[in-house]
Amino acid sequence: MNAFSVLSAVVQRDLLVALRRKSEVLTTLFFFVIVVSLFPLGIGPEMDLLRKIAPGVLWVAALLATMLSLNRLFAADHADGTLEQMALAPVPLGLLVTGKVVAHWLVSGLPLVLIAPLLGLQFDLAPRALTVLMISLLLGTPLLSLIGAIGAALTLGVRGGGVLVSLLTLPLYIPALIFGAGAVEADISGLGAAGHLSLLAALLALAAFFAPWATTAALRIALE
Amino acid sequence: MRMLTWKYASPQYFYPLAGKMIPWFAALAVLFGVSGLWLGFFVAPTDAQQGEGYRIIFIHVGASWMSMFIYLVMAFWASIGLSFNTRLSSMMASALAPTGAMFAFLSLWTGALWGKPMWGTWWVWDARLTSELILLFLYLGFIALQAAIDEPRRADKAGAILALVGVVNVPIIYFSVKWWNTLHQGASVSLTQAPSMAKTMLLGMLMMALCFWMYSIAVALARVRAIMLERERNSEWVTQLKEVQS
């Protein structure tokens, strides 16, 4: 089996599992929508203010939504022993991990990207800013899945893992948040989002290379 | 020499050695601390722009340096522990984390006290302050992860991976001064340019930094001794220790 067919097999399998448990997937999405909708209620309906906080609010909500979905990444497979079989499989575990992260992003990251413009409209963002928001989330949410996978692997089977994973991954999410929300803000203020988006893409490239590696090491420790 | 190095990589031999070293480092810490504070509070001239309030620099700068440096040292020991499977290295990493977190907190606290008279606000969302805060979170995450895992070997290894991942953050802290232009003044001491501050001020700051170094070493050694006793409590050499028997 070549690397690509292994990757697509894992992605297909995880997507199938996710499809069988639709409610979990939708919960993440609705969480995102609800959190974003709470902010105008808490802050007040002034459009000028909302327009200003929109990038940050959407991005923070995306961070939290991704974080909530992280325990789905390995926990179920760990509980029923699938993960151990994967570690024993004659293909690199890193490849399988990458496949699982890709599937995680398709299930919980991509829906956020797609629904974000709709929520952005509630905050009266201009069409251009909405496009930048989508691009920044498109680059950023895979980054969140990749980094989150490290945290999920480290806290696998640990007591209090759910809260712990937030303590571990949220600080690591901060650069993504800064550049992601910064891109939209820079576009709104007329500075151009290219710089922020480039940095975000650079972080993504970096994480795509290193994160599966770190995740694999963490999984091996958890499975010892 | 080689044999000697490896010998002290074993908790059994390192335990008494650390016990002997602690008083010396503690004494040096007091010595440097007293002279640094004396220089800082009585000898160094009042700053032309910042008045007396600047004197907190003597604590603030040293604490910030240590908070970043200890993270690197911690990650170094953690990675040694991870790659060579040496027990003592991982224990050293766990022993350093609380001290590093303390310095990160101290740095933020003194920074706030300094910021109030200088900028008129306790806190600004500036890159350096923010990254120091992230560093504190990273320390807390490391400590929390190790505390949550009961089995020491797994705790060591998981912590090591987290520390190595977090190490990516430390250069970001350092270079953030250049990346973002904000309220925070540029680095106070630079190696490439002649320092813009008075000689006595620089000397006082270095003394305080040395004090923090010595303090960190003494405290980390004391803590690693406690960790060694806890983890090796069932082994022969611990039961034969005088302080354990009595």
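Here the structure is a predicted model, which is why all the values come from computation and not from measurement. Just so you know, these numbers use all the heavy atoms, side chains as well, and skip hydrogens, waters and symmetry mates. Just so we're on the same page: letters track the sequence lines, and every chain starts at 1.
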What distance do [X] atom [atom1] and [Y] atom [atom2] have between them, rounded to the nearest 0.5 Å?
X	Y	atom1	atom2	result
Ile149(B)	Ile221(A)	CD1	CD1	8.5 Å
Ile161(B)	Leu168(A)	CD1	CG	12.0 Å
Phe137(B)	Leu172(A)	CZ	CG	12.0 Å
Leu223(A)	Arg154(B)	CG	CZ	8.5 Å

Practice task
Over all heavy atoms of both residues, which pair between Leu138(B) and Pro171(A) is shortest? Give the atoms and the distance, please.
Solution key: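 It is CD2-CB, 4.2 Å.
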Handout entry: Heavy-atom closest contact (Ala144(B) atom, Leu167(A) atom, distance)
Key =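 Distance-wise, the nearest heavy atoms are CB-CD2, 3.5 Å.
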Problem - Contact class of Ala147(B) relative to chain A, heavy atoms under 4.5 angstrom - result: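 Only the backbone of Ala147(B) comes within 4.5 Å of chain A.
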Practice task
Against chain A, label Leu164(B) side chain, backbone, both or neither, depending on which of its atoms sit under 4.5 Å from a heavy atom there.
Solution key: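 It is neither, since no heavy atom gets under 4.5 Å.
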Exercise for the section: Can you establish whether the number of heavy atoms outside Tyr13(B) located under 6.0 Å from its atom OH is more than 12? Expected result: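 Incorrect, the count does not exceed 12.
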Practice task
Count the heavy atoms belonging to other residues, nucleotides or ligands that lie under 6.0 Å from CH2 of Trp213(B), then report whether that count exceeds 12.
Solution key: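 Atom CH2 in Trp213(B) is not crowded, with 12 or fewer foreign heavy atoms closer than 6.0 Å.
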Practice task
Name the option with the most non-hydrogen atom pairs under 4.5 Å to chain A; the candidates are Gly141(B), Ala160(B), Ala148(B), Gly159(B).
Solution key: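 The candidate making the most pairs under 4.5 Å is Ala148(B).
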Handout entry: SB check Lys157(B) Glu224(A) (cutoff 4.0 Å)
Key =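 Salt bridge: yes.
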Handout entry: Residue-level interface, residues 140-149 of chain A with chain B, non-hydrogen cut-off under 4.5 Å
Key =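 Residues qualifying by a heavy atom under 4.5 Å from chain B are absent, so none.
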Practice task
Report the option among Leu164(A), Ile150(A), Leu206(A) that has the most heavy-atom pairs separated by less than 4.5 Å from atoms of chain B.
Solution key: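 It is Leu164(A).
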Practice task
Examine whether an atom of Ala211(A) lies under 4.5 Å from a heavy atom of chain B, and if so say whether it belongs to the side chain, the backbone or both; otherwise answer neither.
Solution key: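 The answer is neither part of Ala211(A).
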Handout entry: chain B contact via Ile174(A) - which portion, at a heavy-atom distance below 4.5 Å
Key =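 Side chain of Ile174(A) only, per the 4.5 Å heavy-atom cut-off to chain B.
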